[in-house]
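Heads up: the structure comes next, in structure tokens.
Everything quoted here is computed from the prediction, not taken from an experiment. Side-chain atoms are counted along with the backbone in the values below, which use heavy atoms only and exclude waters and symmetry mates.
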Number of protein chains: 2
Amino acid sequence: MESRHLRYALALAEHQHFGRAAAALGIAQPPLSQQIAALERELGARLFDRTARGVFPTTAGEAFLARARRALAEMSAAVSDAGRAARGETGRLRLGFIGSALLELLPSVLGTFIRDRPEVRLGLQEMSTRRSTAALLAGELDLAIGRGAPRGAGAEDLVSVTVGRDHLVAVVGAAHPFAGQARVSLEQLKGQHLIVAPAEEEPTVAAWLAGLLGEGAEVPARAGGVTEAWDAHTIIGLASCGVGVGLGPACLRVAARPDVRVCEVSPRVELPELVMSFRAQDRSPVLAAFLDITRERCPGVAERLERHLGAR
Amino acid sequence: MESRHLRYALALAEHQHFGRAAAALGIAQPPLSQQIAALERELGARLFDRTARGVFPTTAGEAFLARARRALAEMSAAVSDAGRAARGETGRLRLGFIGSALLELLPSVLGTFIRDRPEVRLGLQEMSTRRSTAALLAGELDLAIGRGAPRGAGAEDLVSVTVGRDHLVAVVGAAHPFAGQARVSLEQLKGQHLIVAPAEEEPTVAAWLAGLLGEGAEVPARAGGVTEAWDAHTIIGLASCGVGVGLGPACLRVAARPDVRVCEVSPRVELPELVMSFRAQDRSPVLAAFLDITRERCPGVAERLERHLGAR
DNA sequence: CGAGTCGATATTCAGAACATATCGGCGGTG
DNA sequence: CACCGCCGATATGTTCTGAATATCGACTCG
């Protein structure tokens, strides 16, 4: 039995007339008679009563037609569902990101995405760059936002584009000696207790800092001591109560509370770029849609993406 | 798109391998490749990722396959539903009957039917013979049980079989002069107030009675007076409280209460037969099943039915 | 009783689905 | 690094089936 039989039976039930039903189906009358007869033979049951006043379904026909309607509805739903999934209008996007991405990049991109693709289920999880890279390679994420291009095993399977640049700023409590300064020098920082992201989780940032502060070794080994904090709000909170000098990207200003001061670091120090990564072989249309929106919003991202997508 | 495409896609998703899926489908590998390709072309979306480790559905493929499974399930349900309806295992039977049918005939027949065909929805409605005949012709009933073969316009479209015979008995209260008698004569009845079924609703019975009592006219015109009662229990109730002498079929004994006496009428008077009627052109398998059961239970009905059914 | 309508049947034809044979690409292996 | 084997895609021929045309038989209606 093919779905054609269902369509023919439904048309016949609707028009109650072989000739008109066949015309509505775009075929001649004899093939319709044949197909209905074949269907009835296969089922071993008469589905229609041919009377002088028209063709009417039997009890068995009624039962059959009710199911047939649902079956055809499921089939057309299969087509439309597949199409929507292929166009990225539905599906799932699992996104891992570092906290600072929540300050500037994600709010606008996510807002647009949610408005454009309301039926896409979004999975959002804040995590370190290292973890998001690993999760991406393990297939647990579809997109990762972190600092610095992913490195190490498997990184060649990922595509990364720069979606933002930041320079280093220092955050101090209002009572701190630096509070009145618009800028602090690297020399000044060397004697301070520093609040930074954990070295193991953000290796790129940690390496930058270590180099910046004139040491080849780990940041935690610095004189003056180091406190590791996982996210922007913790850094700001610790700085506000005088624990030390928080160091982080300039976008920290967005989250700055009234009781802290943000100072430029002099000379200006560029941080590893905010980088968006995804699996090179990932053909998900949802991902493509998200990248499209990112492309629109972040001029300069476009070319980098084009180069990769064009190579597919 | 045909259901074949759904079956092929599901097989491919199950085996994750074109060759094995084709073997499971009983076809060669090239046609499977072709049909899947045609399906993907029609949908405008890739449904499967062909990798070195196997064939896996894409996101769109997952969405499609979920619907496809349901569609095919509906199709096979359509087949089985139609088959069950055709075999009379499901469906509906609307039955109109006179009250006395509830006393002997229906209890056993209905019991068997409900046990054999639990999924058939039964519509049971007590009504007069006249009304059940009209409802049968109007298509509001599938089967009618009454007294006397239906007559009048449309009766030739009905098939009737005798399913029971009864003779007339008289029902009186325990205090009635007849109470001690085993039998009463027609002469004795002539002076009594009688309780009978309404003439308009049970014309066959009324005609019999009128003839019996030696009058060409209507029963209500009889000296002694007449009360019309619709059902057996009312006749018995009125008789028990001394309203008069109830007249009805012998099966009234089944419903007789302790405070009434049932007397044979002498000479014995045969009542119009209990008749089961249905539309001659009704091919409903549920009706056929009900008739089968009736046939098994009522010997003698068989030949009458065979004659009709054989003529189809 | 003849005309008209409707569904079934017969026959032919075209297209689609399938089978056989072969090619191209990708991994694994000596 | 070349070779081999596996797998899916492609090419080509064959078969089968669904559809069109022509016609028939049954029933209705004027």
Side-chain angles (χ1 to χ4, degrees), chain A residues 1-58 61 68 72 154 156-157 279-281 283 311-312, chain B residues 1-43 45-58 61 68 72 75 154 156-157 279-281 283 311-312:
Chain A
M1 184 177 63
E2 289 294 332
S3 55
R4 171 171 25 86
H5 296 113
L6 308 189
R7 290 193 299 274
Y8 288 8
L10 285 175
L12 181 56
E14 183 185 350
H15 293 91
Q16 304 181 344
H17 188 287
F18 273 82
R20 283 190 288 276
L25 288 167
I27 64 174
Q29 170 258 320
L32 178 59
S33 289
Q34 287 180 349
Q35 293 297 314
I36 295 293
L39 177 60
E40 289 178 329
R41 190 169 353 106
E42 179 176 350
L43 294 179
R46 200 155 187 79
L47 295 180
F48 292 94
D49 275 332
R50 286 82 156 167
T51 77
R53 293 176 314 285
V55 180
F56 303 98
T58 63
L72 290 182
E156 65 276 8
D157 293 334
R279 289 184 296 278
Q281 74 276 19
R283 298 287 179 279
R312 285 189 177 179
Chain B
M1 185 176 65
E2 289 294 334
S3 54
R4 171 170 26 85
H5 295 115
L6 307 189
R7 290 193 298 273
Y8 288 7
L10 285 176
L12 181 56
E14 182 184 351
H15 293 91
Q16 304 181 343
H17 187 286
F18 273 81
R20 282 189 287 276
L25 289 167
I27 63 173
Q29 170 258 319
L32 178 58
S33 288
Q34 287 178 349
Q35 293 299 314
I36 295 294
L39 177 60
E40 290 179 329
R41 189 167 357 104
E42 180 176 349
L43 293 179
R46 200 157 187 77
L47 295 180
F48 293 94
D49 275 332
R50 286 81 157 168
T51 77
R53 293 177 315 285
V55 181
F56 303 98
T58 63
L72 289 183
M75 282 185 64
E156 64 277 8
D157 293 334
R279 289 184 295 278
Q281 73 275 20
R283 297 287 180 279
R312 286 190 176 178

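- The distance between atom CD of B/Gln35 and atom P of D/dA9, rounded to the nearest whole Å, is 13 Å.
- Partners of B/Ala21 under the side-chain contact (heavy atoms from CB on, under 4.5 Å) rule, at least two apart in sequence or in another chain, are B/Ala11, B/Leu12, B/His15, B/Leu32.
- Under the rule for a side-chain contact (heavy atoms from CB on, under 4.5 Å), the partners of A/Ser33 that lie at least two apart in sequence or sit in another chain are A/Phe18, A/Gln29.
- In this structure, A/Glu2 places its CD atom 16 Å from C1' of D/dA19, rounding to the nearest Å.
- For A/Pro30, the side-chain atoms get nearest to D/dA22 when compared with the rest of C/dG7, D/dA22, D/dA19.
- The nearest whole Å value for the distance from the CG atom in B/Asp49 to the P atom in D/dC7 is 18 Å.
- With rounding to whole Å, A/Arg46 atom CZ is found 12 Å from C/dG7 atom P.
- Shown here are the side-chain contact (heavy atoms from CB on, under 4.5 Å) partners of A/Gln35, two or more places apart in sequence or in another chain: A/Arg4, A/His5, A/Tyr8.
- Remark: B/Arg20 pairs with no residue by the side chain to side chain donor-acceptor pair (under 3.5 Å) rule, at least two apart or across chains.
- No side-chain heavy atom of B/Pro57 sits under 4.5 Å from any side-chain heavy atom of B/Leu47.
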What does the B/S/- profile of nucleotides 23-30 of chain D look like, 5' to 3', with a 4.0 Å heavy-atom cutoff to protein?
-----S--

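- Counting heavy atoms from C-beta outward, A/Phe48 and A/Thr58 have side chains that stay 4.5 Å or more apart.
- Heavy atoms of A/Phe48 sit nowhere under 4.0 angstrom from any nucleic acid atom.
- Nearest nucleotide to the A/Pro31 side chain, out of C/dG7, D/dA19, D/dG8: D/dA19.
- Between the side chain of B/Glu2 and the main chain of A/Ser3, a donor-acceptor pair closer than 3.5 Å is present.
- Put simply, B/Ser33 has no side-chain N or O that comes within less than 4.0 Å of OP1 or OP2 on D/dG8.
- Across C/dC18, D/dA19, C/dA8, the shortest atom-to-atom separation from the side chain of A/Arg50 is found for C/dA8.
- One interatomic measurement links the two molecules: CG of B/Leu32 to C1' of D/dC7, which rounds to 13 Å at whole-angstrom precision.
- Between B/Met1 and B/Leu39 there is a side-chain heavy-atom pair separated by less than 4.5 Å.
- Within residues 11-28 of chain B, the residues having any heavy atom under 4.0 Å from DNA chain C are, by residue number, B/Gly26, B/Ile27, B/Ala28.
- The separation between B/Arg53 atom CZ and D/dC6 atom C1' is 15 Å, rounded to whole Å.
- Between A/Gln34 and C/dT9 there is no side-chain N or O to OP1 or OP2 distance below 4.0 Å.
- The closest side-chain heavy-atom distance from B/Gln16 to B/Thr51 is not below 4.5 Å.
- Between the C1' atom of D/dA9 and the CD1 atom of B/Ile36 lies a distance of 13 Å, rounded to the nearest Å.
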